[in-house]
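Handing you a structure now.
Every chain is numbered from 1 and lettered A, B, ... according to where its sequence line falls, protein lines coming before strand lines. Reckoned from all heavy atoms, side chains included, excluding hydrogens, waters and symmetry mates.
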Amino acid sequence: MMKRLISAEFLKLWLTPTTWWIVGTSLLLPLIIMALIPVKDVNTGKDVVSLLGWAGASGYITLVLGAIGATAEYRHRTIVPTLLIAPHRLKVLTAQVVTYLLVSLGIALMSILIVTALVAMRTGFHGISTDLLVNSYLGNAVYIVLSTLLGLGLGTFIKNQAATIAAIFVLFMAVGHIMPVLNADLAKYTLDSIGTSLSGGGVSLPKEKGAPTVKILSATNAGLVYLVYAVVPLAVGAARLQKNDIA
Amino acid sequence: MSNATVIKIEKLTKRYSGHTAVDDLTFTAESGKVTGFLGQNGAGKSTTLKALLGLMEPTSGAATISSKRYLELPNPAKVIGVLIEENAFHPTRTGRSHLRILARAAGLPTSRVDEVLRIVELEKAADRKVKGYSLGMKQRLSLAAALLGDPKILVLDEPANGLDPQGMHWLRDLLKDYAKSGRTVLISSHVLSEIAQIADEIVMIHKGELVKQTSLKKLLREAKGATRISSSDARKLAKLLIANHLTLRNQSSDEIVVASEDVNKVLAVAAKNNIEISEMASENNLEDIFINLTDNHKGSKN
């Protein structure tokens, strides 16, 4: 049953043109950034990690992929035929989550490959240690996968597509700016800081000279916090899906 | 062939924040028959069907398919085919893609997609995006989805919406053949003339309550013999007829309904009192019966 549902979710993505636009954009974004940014002063392994971190930029787009995937079922009412074929709602949601995680993992791998190739061409690796390289790759992959999960969670919770996209902007723009104002210690929990922690610097825009330094979480802690960000709306959305009528 | 009860709605009630959409509703649908589920818009038909199909949780009561709740069916698509939303498609997917996804989720072979596309006569448009489909084509695609699992039961909510006369004819034949082969068809509609041509059994509901469940033949037989008589003096005529011990089935300011066997007496009373009759019509169509029954139902509630 679960295998059938996951297979059907893959087919849904495969057969929807929007998916291809989003996947294409998610791969193009780090490619364009890497092609355009200046790469002066890249002398150490840490500098290389910072460049490799731009692979995480795909996470912004996979966030939208998750949000659109979850809300499209409600927007186009395809949730009705889906639940008529598979009436166990949590199984349907689980299949959707598994599918999107696998797809985003594929996007993460491709994105990392693209950025790695561009780094190799433009700056070289400057003797980066294997540990640093593996951590960078893992961090970027986790960031992209969890971003997809966050989008899926928000979409499942909110259901309305426009409202979900608006919520993403609020989370990044408003909440991300309000949290440090409320308490400087909260700055490390903003999505922007979490992105920096996981990717090694790439997904955050460079700070202006003289701007206060923000302490960031370790990559592991950042991953756990981001997991909470993603799982909470997903869990609430799952509870609503299970309980509410499909009117 | 014996007709077994396949769909059973038992004391079903659905309330939303203070509003009762379905109230203690009980009816059945049997195999080998087309059961017409009739009611005006907002009567509670779709709510009842959604409760049957596990899309809504009833406030009380039960709705079962072969004694099982929809959730308990192992692979619903192979048991019951459903058309309940006429526009539940992703607009940028093709008709074939829509069916392929459903077939994959139900564990059906892709070859079945081609078969149902052939049945609903949508092969030529199968590879076009659904956003370019007419309402009738979308309805055929919904029917194709319902037929995917070659189910023994069909539940269709307003299936004729958007179909042209040829499409209606095709749908009637399809559903009649389906029932003839011993399968069960429950079809809801507010277009009574459409149901009159297809149903064996009729379930009428009004404001969420059962008005009547009976066979179409019996219903038409019971109602046959009623005549609608129009007159500008209908009120005066009604009073005179009552004074002459005649029973009126219904009356308003410009018409009365009487048993056909009383028509000669009515004409005699009218002639004697110089009351002009403007029109007489035999009342034996489903629409009139429905209106009478729901009016009586409202009356009995007040």
Side-chain angles (χ1 to χ4, degrees), chain A residues 1-24 65 68-96 98-100 103 155 159 161 239-247, chain B residues 14 16 21 46-47 49-59 69-108 110 129-131 141-142 144-146 148-149 151 155 157:
Chain A
M1 169 85 169
M2 190 50 74
K3 205 174 151 190
R4 277 194 339 235
L5 293 178
I6 292 171
S7 177
E9 286 298 330
F10 265 110
L11 202 57
K12 268 183 203 171
L13 280 172
W14 181 263
L15 296 173
T16 309
T18 319
T19 309
W20 294 103
W21 283 104
I22 295 176
V23 171
L65 175 72
I68 287 180
T71 52
E73 289 273 49
Y74 296 95
R75 185 178 173 201
H76 304 300
R77 302 290 298 155
T78 48
I79 188 72
V80 173
T82 298
L83 293 181
L84 287 173
I85 297 275
H88 294 276
R89 300 177 185 187
L90 291 185
K91 283 186 182 171
V92 171
L93 183 60
T94 307
Q96 197 176 33
V98 171
T99 306
Y100 277 75
V103 168
K159 291 183 184 174
Q161 201 162 80
R240 287 184 68 196
L241 175 68
Q242 181 72 353
K243 189 174 164 251
N244 290 1
D245 291 334
I246 307 294
Chain B
K14 178 68 186 176
Y16 312 94
S46 295
T47 303
L49 296 183
K50 284 182 175 174
L52 174 71
L53 301 168
L55 296 171
M56 278 187 178
E57 190 63 29
T59 308
R69 290 174 62 215
Y70 194 85
L71 265 171
E72 294 163 355
L73 298 173
N75 189 351
K78 289 185 177 176
V79 180
I80 179 166
V82 179
L83 186 165
I84 195 155
E85 293 252 350
E86 66 191 28
N87 207 3
F89 312 106
H90 196 294
T92 62
R93 288 186 197 133
T94 66
R96 189 189 300 281
S97 298
H98 176 73
L99 295 175
R100 275 183 67 194
I101 291 164
L102 297 180
R104 180 75 63 90
L108 300 166
T110 313
K129 284 181 181 170
V130 175
K131 66 181 173 187
L141 184 59
S142 295
L148 258 181
V155 172
D157 190 15

* Proximal component of B:L83, with respect to chain A [non-hydrogen, under 4.5 Å] ->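 The answer is neither part of B:L83.
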* Asked: Is there side-chain contact between B:I80 and A:L84, with heavy atoms separated by less than 4.5 Å?
  ->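 When only atoms from C-beta onward are counted, A:L84 and B:I80 do not touch, as no gap falls below 4.5 Å.
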* To do: Count the heavy-atom pairs under 4.5 Å between each of B:A51, B:P91, B:S142 and chain A, then report the option with the highest count.
  =>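 It is B:P91.
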* To do: Give the minimum heavy-atom separation between A:V80 and B:I84, together with the two atoms involved.
  =>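 That closest heavy-atom pairing would be CG1-CG2, 3.6 Å.
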* To do: Give the minimum heavy-atom separation between A:S7 and B:R104, together with the two atoms involved.
  =>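 A:S7 and B:R104 have their closest heavy atoms at OG-NH1, 2.7 Å.
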* chain A heavy atoms under 4.5 Å from B:N75: which part of the residue, side chain, backbone, both or neither? ->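 Contact with chain A: side chain only.
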* Quick one: are B:E57 and A:K243 in side-chain contact, heavy atoms under 4.5 Å? ->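 In short, these two side chains do not touch, never coming nearer than 4.5 Å.
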* From CG (B:N87) to OG1 (A:T78), nearest 0.5 Å ->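 Result: 11.0 Å between the selected atoms.
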* When heavy-atom pairs shorter than 4.5 Å are enumerated against chain A, which of B:I101, B:L73, B:T92 gives the highest number? ->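 So the answer, after comparing B:I101, B:L73, B:T92, is B:I101.
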* **Region of B:A145 in contact with chain A, defined by heavy-atom distances below 4.5 Å** =>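 The answer is neither part of B:A145.
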* **Contact leader toward chain A among B:L53, B:L148, B:L102, B:T47, where contacts are heavy-atom pairs under 4.5 Å** =>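 Heavy-atom pair counts peak at B:L102.
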* **Side chain / backbone / both / neither for B:F89 at chain A, heavy atoms under 4.5 Å** =>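 For B:F89, backbone heavy atoms alone lie under 4.5 Å from chain A.
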* **Interchain contact, B:K131 with chain A, by part (heavy-atom threshold 4.5 Å)** =>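 Neither; nothing under 4.5 Å.
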* Asked: Can you find a pair of side-chain heavy atoms, one from B:K50 and one from A:D245, that are under 4.5 Å apart?
  ->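 Result no, sub-4.5 Å side-chain heavy-atom pair not found.
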* Asked: When rounded to the nearest 0.5 angstrom, what distance separates NZ in A:K12 from CZ in B:R100?
  ->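 Reported value, rounded in 0.5 Å steps: 14.0 Å.
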* Please report the closest heavy-atom contact between B:A105 and A:L5, naming both atoms and the distance. =>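 Reported closest heavy-atom pair: CB-CD2, 4.3 Å.
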* Portion of A:R75 that has a non-hydrogen atom of chain B nearer than 4.5 angstrom ->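 Answer is neither: A:R75 stays 4.5 Å or more from chain B.
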* B:L108 side, atom CG; A:I85 side, atom CD1 - distance, nearest 0.5 Å ->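 One gets 7.0 Å once the value is rounded to the nearest 0.5 Å.
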* Looking at B:H90 and A:H76, what are the two nearest heavy atoms and their distance? ->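 For B:H90 and A:H76, the tightest heavy-atom pair comes out as CD2-CD2, 3.6 Å.
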